[in-house]
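What follows is a single structure, written as structure tokens, with notes after it.
Counting convention: from 1, in listed order, for ligands and their atoms alike.
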Amino acid sequence: MTNNKSVLAWLDEMKSLLTPDEVVWIDGSEEQLEALRAEACKTGEMIKLNEEKLPGCYLHRTAVNDVARVEGRTFICSKNEEDAGPTNNWMDPDKAYKMLFDIARGSYKGRTMYIIPYSMGPIGSPLSQIGLEVTDSIYVVLNMAIMTRVGKAVLDCLGDSEDWIKGLHSRCDIDEEKRYICHFPEDNYIISVNSGYGGNVLLGKKCFALRIASYLGKNDQWMAEHMLILGIEDPQGNTTYVAAAFPSACGKTNLAMLIPPEGYRAKGYKVFTVGDDIAWMRKGEDGRLYAINPENGFFGVAPGTNVKSNPNALASTQKGTIFTNVVLNNDDNTVWWEGLDKNPPANAVDWKGNPWNGQESAEKGAHPNSRFTAPAKNCPCISPEFDSTKGVPISAIIFGGRRAQTTPLVYQSRDWNNGVFVGSIMASETTAAATGAVGVVRRDPMAMLPFCGYHMGDYFAHWIEMGEILGENAPKIFNVNWFRLDDEGNFLWPGFGDNFRVLEWIVARCNGEADAQETAIGYVPSAKDINLEGLDMDIKVLEDILYVDNAKWLKETEGIEEFYQKFGDRLPEELKAQLAGLKDRLSK
Ligand code: GTP
Ligand code: SPV
Ligand code: MN
């Protein structure tokens, strides 16, 4: 497949360490993938679904102890502990290699070593990067073949270059106690052992495209972010691109694939999806910030996805998709999850593989973090720029999280550095995307808390540096919150497609065409600035969720201050000044 010496040397190391019975190169051909699907069905690793209703679709169940990312067992192994920063777990690289190689040694015995050459981003794009993952899991191979560009073409593009990322995955015994997801940013190396769950094992995704890539970007003036990318086409045919960072399971896939409300569609507004989870961004020749989606598919949250909330995501899953930890409907060999419809199957199997009667059971049938792996090309609103090697120019960056209180529906930062401050103070309720408690508010700067591959203080400094590099071409920065609750715990904002109403204001602000009021935290629209046409919503409620309560915000600054203390002298002076400025404005 290749004569690349650095690749062949590493694979020799891997073979002697892992001692597989067989070695198989993934060439990217449909024949090879089809043979692997058949093999996975034979061993029970995957279940083939109804070919008429869900052509080319499969179901996989992970071990019950292995259903989400494990942040407590995820490590950044930089030479100096300081460089991992206060928000990452750190392990000494020498110790980590030794421990991980000891765990992985001989673990492919009786198994096949699959070698996956993959490209993050369109093959050959100057914004793309190449990796190799070795794995003993067909599920991983088939997911990587959807989520990334794989095969011989990637190796041809790599040629003799040593510029690629090493990834070792071994399922070992799926032993929770020996589960480690380790990153060596200084060595371009990722090692993941004892897991089979997506975010822990599809090494191109969070491990490479965020943790390793964020470090590469810091050193080379680009950005790797936990962001969706979407294009908004107006009736005149102009498209504005925005990127948005929300924490895991907080609405990126939903916003990326949004369908504008009826009134807007009648006028000719359209939304196009470029990406739903990760953005790589670099300054382009014209001085603007250009973004690509390094992925080639969607690893989306299943529960809550339905024909109303996200028809485009649902449509994306109707062929060539792998479902993980959802319900199997025995009657017609299809899948189901909570929130798909109001008709759960009675004759079914739950995500753990046990018989399940959805009409009677009090237990959930699908895991809250059950997922679909769907090819991007299935998405009805995929952007014509999806495969662009140049990327799309970003006009606005949007931050957001789940906040029941305090944070208004939308506001615009005062300028770039104030926007970096807004991103740095993001907080959100935790979700099922990672193991641990759900619904606890935690700080999650730029939605990167679990994904930044180096010291978060240096990451903030890098954001500030990017603002200097981009100058007046820097995107405008906004913050949104779809999740405000009333006293009974009901959402006050309809969300989903109606979020377009907020996007409209954001785009208009970028074009200098919309009003806003200056508040202590930034520019906030008046209720009249958000179009409610066709929506049955009391304008008083909108006023309520746009209101900036200075007393509550002053309380919020105490939490920010405490959080900032963690970063010590690596917290940029600019952000200290931003916090002081906010406190000052709030107390006036
Ligand atoms: P990751 O793939 O984990 O990074 O998540 P994501 O950010 O892509 O999350 P996703 O779009 O899948 O959203 C997950 C959850 O957020 C689902 O439970 C949705 O129902 C809910 N959600 C998304 N958008 C909205 C919204 O506008 N309002 C409300 N109330 N809920 C939303
Ligand atoms: C997330 O948790 O943010 C995801 C899913 O996008 S995973 O790939 O598992 O990390
Ligand atoms: Mn994500």
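Looking only at distances, a side-chain donor or acceptor of Asn194 sits under 3.5 Å from a matching main-chain atom of Asp175. The closest donor-acceptor contact from the side chain of Glu338 to the backbone of Gly365 lies under 3.5 Å.
Here the protein heavy atom with the shortest distance to atom 5 (O) of ligand 1 is Ala249 N, 2.7 Å. Regarding atom 19 (C) of ligand 1, its nearest protein heavy-atom neighbour is Asn254 ND2, 3.9 Å. Closest protein heavy atom to atom 17 (C) of ligand 1: Pro303 O, 4.3 Å. Ranking the protein heavy atoms by distance from atom 31 (N) of ligand 1 puts Phe483 CE2, 3.3 Å first.
Near Pro247, meaning under 4.0 Å from one of its heavy atoms, ligand 1 places the atoms 7 (O). Close approach of ligand 1 to Val301 is summarised as follows: ligand atoms under 4.0 Å from at least one heavy atom of the residue are 12 (O). Annotation for ligand 1: atoms under 4.0 Å from non-hydrogen atoms of Phe491 are 30 (N).
Between Ile477 and Pro475 the shortest side-chain heavy-atom distance does not fall below 4.5 Å. You'll find the side chain of Phe323 reaches within 4.5 Å of the side chain of Leu49, heavy atoms only. Contact check for Trp463 versus Ser424: no side-chain heavy atoms found under the 4.5 Å cut-off. Contact check for Glu225 versus Met448: side-chain heavy atoms found under the 4.5 Å cut-off. Arg371 places none of its side-chain heavy atoms less than 4.5 Å from the side chain of Thr373.
The ring-ring contact (aromatic ring centres under 6.0 Å, His included) test with His226 is passed by exactly one of Phe451, Phe399, Phe246: Phe451. For the side-chain contact (heavy atoms from CB on, under 4.5 Å) test with Leu255, the passing option among Leu503, Val271, Val502 is Leu503; the others fail.
Note that the CG atom of Leu168 and the CG atom of Leu132 stand 12.0 Å from one another [nearest 0.5 Å].
Residue Arg402 holds the heavy atom nearest to atom 16 (O) of ligand 1 of all those in Arg402, Met227, Arg371. Comparing Gly251, Ala68, Gly300, Ala432 by heavy-atom distance to atom 10 (P) of ligand 1, the nearest is Gly251.
Contacts with ligand 1 closer than 4.0 Å are made by no heavy atom of Thr431, backbone or side chain. Here Trp493 has no heavy atoms under 4.0 Å from ligand 1, in either its backbone or its side chain. Looking at Asn310 against ligand 1, nothing comes within 4.0 Å, counting heavy atoms. Under 4.0 Å from ligand 1, the heavy atoms of Cys250 that appear belong solely to its backbone.
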Which protein N or O atoms sit under 3.5 Å from any N or O of ligand 2? Give atom names and distances.
unit_1   : atom_1 : unit_2 : atom_2 : d
ligand 2 : 2 (O)  : Arg69  : NE     : 2.9
ligand 2 : 2 (O)  : Arg69  : NH2    : 3.1
ligand 2 : 2 (O)  : Ser248 : OG     : 3.1
ligand 2 : 3 (O)  : Lys206 : NZ     : 2.7
ligand 2 : 3 (O)  : His226 : NE2    : 3.3
ligand 2 : 3 (O)  : Ser248 : OG     : 2.5
ligand 2 : 6 (O)  : Lys206 : NZ     : 2.9
ligand 2 : 6 (O)  : Asp277 : OD1    : 3.4
ligand 2 : 6 (O)  : Asp277 : OD2    : 3.4
ligand 2 : 9 (O)  : Tyr197 : OH     : 2.6
ligand 2 : 9 (O)  : Gly199 : N      : 3.1
ligand 2 : 10 (O) : Arg69  : NE     : 2.9

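Ligand 1 has a nitrogen or oxygen under 3.5 angstrom from a nitrogen or oxygen of Lys252. Every N/O-N/O distance between Gly495 and ligand 1 stays at or above 3.5 Å. Looking at ligand 1, you'll find an N or O of Phe496 within less than 3.5 Å of one of its N or O atoms.
Residue contacts with ligand 1: Ser309 is excluded, as none of its non-hydrogen atoms falls under 4.0 Å. The shell of residues lying under 4.0 angstrom from ligand 1, judged by heavy atoms, excludes Ala447.
By the 30° and 60° cut-offs, the orientation of the rings of Tyr215 relative to Tyr454 is perpendicular. Ring geometry, Phe500 versus Tyr269: the interplanar angle exceeds 60°, so the pair is classed perpendicular (tilted spans 30 to 60°). The aromatic rings of Phe208 and Trp280 are tilted relative to each other, their planes meeting at an angle between 30° and 60°.
Protein-derived N/O/S atoms nearer than 2.8 Å to the Mn ion (ligand 3) total 3, waters excluded.
At a cut-off of 3.5 Å, with distance as the only test, a side-chain donor of Ser248 or Arg69 sits close to an acceptor on the other residue. Using modelled atom types, one finds a donor on one side chain and an acceptor on the other under 3.5 Å when comparing Trp336 with Asp341. In the model, Arg179 has a side-chain atom that pairs as donor or acceptor with a side-chain atom of Asn65 under 3.5 Å. Side-chain polar atoms of Thr62 and Asn325 form a donor-acceptor pair below 3.5 angstrom. When only modelled atom types and interatomic distance are considered, Glu504 and Tyr264 share a side-chain donor-acceptor pair under 3.5 Å.
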